[in-house]
Every structure is written in C-alpha cells, then in structure tokens.
A.B. asks: 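My questions will all concern the structure given below.
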2 protein chains.
Amino acid sequence: MTEAVETVRDTKDRILDAAEGLFSRQGFAATSLRQITGEARVNLAAVNYHFQSKEALIVAVIQRKMGPINERRLALLDALESDLPEQAPELERVVWALFRPVFEARLLGVELGNFPRLMGRMFTEPGDWVQRVLGQALGGIVERFGAAARRALPGLRQEDLGWGMLFSVGAMAHYLAGGEILRFLSRGQSNELDQEEALDRLVRFTSAGLRAMVTGREMSA
Amino acid sequence: MTEAVETVRDTKDRILDAAEGLFSRQGFAATSLRQITGEARVNLAAVNYHFQSKEALIVAVIQRKMGPINERRLALLDALESDLPEQAPELERVVWALFRPVFEARLLGVELGNFPRLMGRMFTEPGDWVQRVLGQALGGIVERFGAAARRALPGLRQEDLGWGMLFSVGAMAHYLAGGEILRFLSRGQSNELDQEEALDRLVRFTSAGLRAMVTGREMSA
DNA sequence: GCTTCAGTCATACGTTCGTTTGAATCATAC
DNA sequence: GTATGATTCAAACGAACGTATGACTGAAGC
C-alpha cells in the first residue's frame, strides 16, 4: 500500500540520493541524467522539472548535506570553546571538531549516505564553479577553525596555517574518496574501514602535521 | 623553416601535451578529443590513428611521465641508502626522495609540464581502470618506500604505514591538483607557488604525520 | 618514374548527451 | 463532478561525443 503513493518529496529525494551515489562513484561529468533517473526509477524529465539543470542538481546535492555538516562543525567548536572559556582548546580537539561531522553516520537525523565520498571528490573535481560553490560553503568554517587552530598553536603564522590546512584537507579528502587504494597501500593489512579508527588516525596525523608547520622562521636561504 | 616540417613525433607529442594539460584542468571525462586535437592543432582522426582510443591515450599520457618519475624516486632512495649503508636514513629523507621527483621542474630531460597537476587528479579520478593503471605503476614504489619508512621509524606497524601513506598521498595529491583552493585557504597570505617551499612543507607535514601514526598499541576498547 | 606506405585530412557514422515539449495523470478545492 | 494546478510521462530536439572510412599527400626505395 505504501509503495503506490509516491509524493514529490519522494521523487526529489530519490533523485538526490541516486545522484549523490553516482556522482561519488563516477564523478559529475561521467554521470548522465539517464543513469540518475534510471537508478532513482523516475522519469528523465523529472530532473529538469524539479531542478532546472544538471548543474543546479549538482549544487543541490552538495548543499543538502554540506549545510548540516557545517552547522555541526560550528556547534562542536562552540562546545569546545565554552568548555574552557579561559584557555585555548587542545589542537587535537579543534581538528576533531572539524572532521568529526563528516564521519558521523547520522547527523541531526540526516543520513550522510554517499556524501562523504562525494565530498572527497569535490575538492579535486575540475570545474571552476564547483570550486566556487565549495569556497562559498566553507568560507565561515575556514575562518572560525583557522582562528581556533592558531589559538591552540601559538607561533603558527597565517601562512603556516594555509599550508597545513591544504595538506589536512587533502588527507581527509583522499581518505573519503579513496576506494580500493587504501587496501592497496596497506597491502591488505588495514582493517576494514572502521570510521572511528579512521577519524582518530586522521586527527592524529593532521594535528602532528600542523604542529610541524610552525617554524622558527630562519630565513630559508 | 622549422615550422614547415612537422614530423610524426611532433604530432604525437603535441597530442600528448595538449591532452595532459586539458586532462589536468578538466578531468578525463569532461575533456573531448575535439578539444585536444583543437589545442594541439592536429586532425581529429590523428588520435585514433596514433593511439587506438581515448582510453589508450589517457594511459599513454600517464605512462609517459610516470615511468621516469618512479625511476628517479628509486634512484634517490638508492643514493640515500648507499650513503649510510649501516644505519637507516632519516624519515624526512625517505619522504623527500618520494616527493622530490614530482616537484622537479626538469627530470632527466623530461619536462613535467602539467603532469603534476594531472597526477594529483588521478588519485581521486573515478573509474576502476585508472586506479588499476595507477596501482600497477606504483606497485614497486610502495614496497620499496614502505620498507624504508619502517626502517626509519621503528615501531611503525604495517597497518600504521598504510594509514600514513594514504594521508600522505592525499596531502600531496591535493596540493598538486589544487588550483585556487590554496590561495583561498591561506586567505591570500601564502606566497606564490614556490616549488621548493612547497616540497619542504609537504615533507615536514607528512613526516610528522607518519611519526604520529606509531602508537603504543593499547587496545582501543 | 613508379610504387609503397606512414601520415594527414575532410567527412560522416551511430550513439548518447542535456534539455524541451505537450499530452496524460493525479490530488485538491469548490 | 468539475475545474485547477502540480506532477509525471513518452517522445523528440539539436548538439556533441568517440570512432571509422576512404581519398589525398609526400618522402623513401628501387
């Protein structure tokens, strides 16, 4: 009985879900609307009806999950800072607040689904406008977490922070997007993708890397 | 006088050069053969004549630069190990030998051109067969450098190494592929892309991260 | 000087792409 | 029950895709 009725919300969400999964596995350019509507079992024209274009669909896919993730990030950082109002929080805790929301299976009732892997792809996805959407969505996040990191790590210059963030985001994105390559690099020794262990490892790796970015500033040559 | 004669080598290389640049900027799927032949100023059919297909062209683009890079990597590592035959080389030196060839402007007479950026993209590129080409090209490298890293870092388990390599490759790939995002993350403070500084930063970041992967191995619950 | 053959060229093939159209279908309100 | 507005549907659009074809070009071999 329930399956006979398919509301608009069903259709839009089914499109978004199918698109998210296919984009994460194949990338934006290599995924056709016919694949998406086929997997979502909706009519081809539904994409251009509910969204206006393929490009707008991509933006919708990103924004649906990116907003809640960023809210959660800020909430975690707020909690950290109000926990010890006087002193700066430990660097590991700041980094943890940045990465944790991406690893959470459920997020304020929002299933992440295939979004983490898609998020990993986005950062290296070609196309100026994808980068623009990403930059717009991350603007405030970079500012807040950058300030927190510099408070947690005295001596870290703005320039050092930029490099550290670049590498950290790369490490995260690569893990999230990584399919077979993890198993390959570790030669089968790594355990199956345990989210908690992965988050812990990532936090430790990037925190140590960030610390190594602060230098005594001897003139290099 | 020189421009009137265009040999086969000219044509094949012009295709490879144009393809490398376009692939690195747009990705494989989003780049059409007409774009490539247009930029290379050769006939459309030349691609399917000199290479058999678009897919084979991609493989050719990758292998042209990947081989020399890996040879150079092994040469640098050999030099390191024969330098101090008794003791293990410092971790930073091992990591340096792994990354340095990608950053070198000239490499055994081979111009790297747009390949570094393409290399950054490849790791997150969708498509099973791209991953297969990559894995095949990197097999020996992972083995040799993994062993060297474990000798440089006693206590680093195979599992730890797998995670560390995953994050390290991600950091490298993200920097190489990164276009505007570096300037964005650093809020305009970072200097222009200075290859030497970038390599130094990357080595410091990933070495510190790798060191943080070795743990006392208390059962994590 | 004729043959040979690797290379280049314009052109077209069949397919798939994103998008559009207009009719059919449905729930809701009166 | 009939009108209304939103949604779904099959079908088609023109454009762009990767690939294939066959004629043309030019230097090398004899």
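In what follows, every chain begins at residue 1, and chains take the letters A, B, ... in the order their sequences are listed.
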A.B. asks: Could A/Arg201 and B/Asp160 be called an ion pair, given the rule that one side-chain N must be under 4.0 Å from one carboxylate O?
C.D. replies: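 Yes, this pair counts.
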
A.B. asks: State plainly whether the residues B/Arg144 and B/Glu81 are in salt-bridge range, i.e. N to O under 4.0 Å.
C.D. replies: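 Yes, this pair counts.
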
A.B. asks: Should B/Asp10 and B/Arg41 count as an ion pair when the cut-off is N to O under 4.0 Å?
C.D. replies: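 Salt bridge between B/Asp10 and B/Arg41, a charged N being under 4.0 Å from a carboxylate O: no.
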
A.B. asks: To the nearest angstrom, how far is B/Ile36 atom CD1 from D/dT19 atom P?
C.D. replies: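 Value for this atom pair: 11 Å.
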
A.B. asks: Using atom NE2 of B/His50 as one end and atom C1' of C/dC5 as the other, report the distance to the nearest whole Å.
C.D. replies: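 One finds 14 Å between C1' of C/dC5 and NE2 of B/His50, rounded.
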
A.B. asks: Would you kindly give the CZ-to-P distance between B/Arg41 and C/dT8, to the nearest whole Å?
C.D. replies: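 Roughly 13 Å, once rounded to whole Å.
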
A.B. asks: Looking at residues at least two apart in the chain, or sitting in another chain, which of them share a side-chain contact (heavy atoms from CB on, under 4.5 Å) with B/Arg64?
C.D. replies: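 Once residues adjacent in sequence are excluded, the partners of B/Arg64 under the side-chain contact (heavy atoms from CB on, under 4.5 Å) criterion are B/Asp13, B/Leu16, B/Asp17, B/Glu20.
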
A.B. asks: In whole angstrom, what separates A/Phe51's CZ from D/dT8's P?
C.D. replies: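 Those two atoms, CZ and P, are 11 Å apart.
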
A.B. asks: Using a 6.0 Å cut-off, check whether atom CZ of A/Arg93 has over 12 heavy atoms from anything other than its own residue.
C.D. replies: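 It does not: A/Arg93 CZ has 12 such atoms or fewer within range.
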
A.B. asks: Could you state the atom-to-atom distance from CZ of B/Arg14 to C1' of C/dT8 in whole Å?
C.D. replies: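 One finds 12 Å between C1' of C/dT8 and CZ of B/Arg14, rounded.
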
A.B. asks: I need the CG-P distance between B/Leu57 and D/dC17, as an integer number of Å.
C.D. replies: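 Those two atoms, CG and P, are 15 Å apart.
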
A.B. asks: Figure out the CG/C1' separation between A/Asn48 and D/dA10, and round it to whole Å.
C.D. replies: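 A/Asn48 atom CG is separated from D/dA10 atom C1' by 15 Å.
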
A.B. asks: Anything under 3.5 Å between a protein N or O and an N or O of nucleotides 11-17 of chain C, put it in a table, one pair a line.
C.D. replies:
{"residue": "C/dC17", "atom": "OP1", "partner": "A/Ser32", "partner atom": "OG", "Å": "3.2"}

A.B. asks: With sequence neighbours left out, what residues match A/Arg117 under salt bridge (Lys or Arg N to Asp or Glu O under 4.0 Å)?
C.D. replies: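 Expected list: none.
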
A.B. asks: Nearest-Å distance, OH (B/Tyr49) to C1' (D/dA23)?
C.D. replies: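 Value for this atom pair: 15 Å.
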
A.B. asks: Side-chain N or O of B/Thr11 less than 4.0 angstrom from OP1 or OP2 on C/dG7?
C.D. replies: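 For B/Thr11, the contact criterion (side-chain N or O under 4.0 Å from OP1 or OP2 of C/dG7) is not met.
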
